[in-house]
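Here's the structure we're looking at; comments come further down.
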2 protein chains.
Amino acid sequence: MPEEPNVGLLLFIAYRAMEKRVLDAVVDAGFDITPAQARVFQRIGPDGTRLGDLAEQAQVTKQTAGFLVDQLERAGYVERVPDPTDARARLVRIAERGRQAMPIAAAVVVEIEAEWTAHLGQRRMADLRDALTRLREITDPYARRPTQ
Amino acid sequence: MPEEPNVGLLLFIAYRAMEKRVLDAVVDAGFDITPAQARVFQRIGPDGTRLGDLAEQAQVTKQTAGFLVDQLERAGYVERVPDPTDARARLVRIAERGRQAMPIAAAVVVEIEAEWTAHLGQRRMADLRDALTRLREITDPYARRPTQ
DNA sequence: TTGACTGGTACGATTCTCTGACTAAATTTA
DNA sequence: TAAATTTAGTCAGAGAATCGTACCAGTCAA
């Protein structure tokens with residue numbers, strides 16, 4: 001395998017590199033957040049997202065997602081508000097402190113994507129994004145469902 | 001971000017899908033192994049790999065890698081042998097039980113890659129692999145170093 | 001041969017994750 | 001409409017993964 005790594009490993013290497021840099025930047029900027037918390041946070045939609053949906057997208061149990069959201073909430077990154085459409089549910093929404101952290105993460109993502117584009121060339125980078133997006137149709141059970 | 005996920009998230013989704021299926025298959029075949037253990041195991045080279053190298057490649061500390069290798073060793077998947085070139089070091093090598101598990105994982109990888117190829121087309125799949133391999137040059141600090 | 005460096009381990013503390021059991025609201029069924 | 005079922009989420013407890021600090025032993029250079 002070291003001779004010709006499978007695609008899974010290649011995906012992991014690139015993913016991990018981006019995650020690490022983004023997280024380091026956010027942490028350096030004074031936002032103490034862990035990788036697991038970030039993986040959940042990242043999935044919160046503009047209008048809030050239910051815990052169960054977050055769990056499903058982040059591929060963890062509801063309990064784990066709840067545990068992480070508790071921490072994010074205590075740190076002021078997110079808040080839980082009642083879901084107007086279902087009294088059982090609550091929506092996890094990005095709160096003030098979370099909103100402050102987002103541009104920092106976004107900037108690093110832009111920076112890294114620029115580096116990758118420089119290395120691969122525009123064409124290959126666009127193709128990469130395209131391939132991954134298409135792949136999502138068969139690898140992301142969540143994506144197959146309409147978002148509401 | 002939910003509107004147009006960044007490449008990091010796309011990488012994660014595909015990676016996670018493959019990891020899960022491979023691991024499920026291996027576990028179903030009676031090999032009890034955890035994701036963290038598998039991530040280390042996967043990096044062991046044909047002639048054995050030092051603990052520190054495994055740690056670096058799997059992006060964990062030496063202690064964590066040691067902890068996981070301990071478990072893999074106890075379960076019979078790997079063994080530690082002295083490194084003939086350095087008395088301080090030991091090589092982690094795949095042992096009998098580990099060797100038995102490998103074809104199962106390999107078969108699932110082949111299966112998944114075939115599915116992905118069917119979905120994307122040969123060309124796009126080849127391009128994806130190519131792009132990820134190139135990307136490794138700038139995202140995998142370990143890869144930049146000659147293997148010995 | 002001494003001092004700096006390297007490969008690895010030991011210990012202790014946190015963080016992450018899961019299973020199982022439970023409450024309450026919504027939905028379906030009879 | 002009352003009962004049964006499903007769905008959203010929480011609680012409690014346990015096990016797995018991870019890290020930081022400190023440490024030991026072997027190597028290497030001066």
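By convention in this document, chain letters (A, B, ...) are assigned in the order of the sequence lines, proteins followed by strands, and residues within each chain are numbered from 1.
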Dump every N/O contact between nucleotides 17-20 of chain C and the protein below 3.5 Å, one line per pair.
| from | atom 1 | to | atom 2 | distance (Å) |
| --- | --- | --- | --- | --- |
| C:dC18 | OP2 | A:Thr61 | N | 3.0 |
| C:dC18 | OP2 | A:Thr61 | OG1 | 3.1 |
| C:dC18 | OP2 | A:Thr64 | OG1 | 2.8 |
| C:dT19 | O4 | A:Gln63 | NE2 | 3.4 |
| C:dG20 | O6 | A:Gln63 | NE2 | 2.5 |

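- Without hydrogens or angle criteria, B:Arg97 side chain to B:Ala75 main chain gives a donor-acceptor distance under 3.5 Å.
- With rounding to the nearest 0.5 angstrom, the OG1 atom of A:Thr49 is 11.0 Å from the CZ atom of A:Phe41.
- Remark on DNA chain C: of its neighbouring residues B:Thr49 and A:Pro35, the 5'-side contact belongs to B:Thr49, judged by nearest-heavy-atom nucleotide.
- When hydrophobic clusters are built by joining Ile, Leu, Val, Met, Phe, Trp and Tyr residues whose side-chain heavy atoms come closer than 4.5 Å, directly or via intermediates, B:Val69 is grouped together with B:Phe67.
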>> As a quick check of understanding, evaluate salt bridge (charged side-chain N to carboxylate O under 4.0 Å, His left out) for B:Glu56 and B:Lys62, giving each step before the final call.
In response: CA-CA 8 Å; B:Glu56 196 175 358; B:Lys62 284 189 292 180; over 6 Å; no
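- Under a hydrophobic-cluster definition in which Ile, Leu, Val, Met, Phe, Trp and Tyr are linked whenever side-chain heavy atoms come within less than 4.5 Å, directly or via other members, A:Val7 and A:Tyr15 are assigned to the same cluster.
- Counting only distance, with no hydrogens or angles, the side chain of B:His119 and the backbone of A:Arg134 share a donor-acceptor pair below 3.5 Å.
- A straight line from CD of B:Glu56 to C1' of C:dG8 spans 15 Å, rounded to a whole angstrom.
- Rounded to whole Å, atom P of D:dT18 lies 14 Å from atom NZ of A:Lys20.
- In this structure, the CG atom of A:Leu51 is 16 Å from the P atom of D:dT7, given to the nearest Å.
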>> Could you walk me through whether A:Thr139 and B:Trp116 satisfy the side chain to side chain contact (heavy atoms under 4.5 Å, CB included) test, starting with their C-alpha distance in whole Å, then the side-chain angles of each, then the deciding distance to 0.1 Å, before giving a yes or no?
In response: CA-CA 9 Å; A:Thr139 55; B:Trp116 289 10; 3.6 Å; yes
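- Classified by interplanar angle (parallel below 30°, tilted 30° to 60°, perpendicular above 60°), the ring pair A:Phe31/A:Tyr77 is tilted.
- The two residues B:Leu120 and B:Leu128 make their nearest non-hydrogen contact at CD1-CD2, 4.2 Å.
- Rounded to a whole Å, the CG atom of B:Asp70 is 19 Å from the P atom of C:dG7.
- Distance CD (B:Glu19) to P (D:dA17): 11 Å, rounded to an integer number of Å.
- Put simply, A:Leu91 and A:Val40 are part of two different groups of oily side chains (I, L, V, M, F, W, Y) that touch within less than 4.5 Å, one to the next.
- Relative to the axis of its first five pairs, the axis of the last five pairs of the helix from C:dT1-D:dA30 to C:dA30-D:dT1 sits at 30°, rounded to 10 degrees.
- Shown here is A:Arg93, whose CZ atom has no more than 12 heavy atoms of other residues, nucleotides or ligands within 6.0 Å.
- For the segment residues 80-94 of chain A, the set of residues with a heavy atom within less than 4.0 Å of an atom of DNA chain D comprises A:Arg80, A:Arg88, A:Ala89, A:Arg90, in numerical order.
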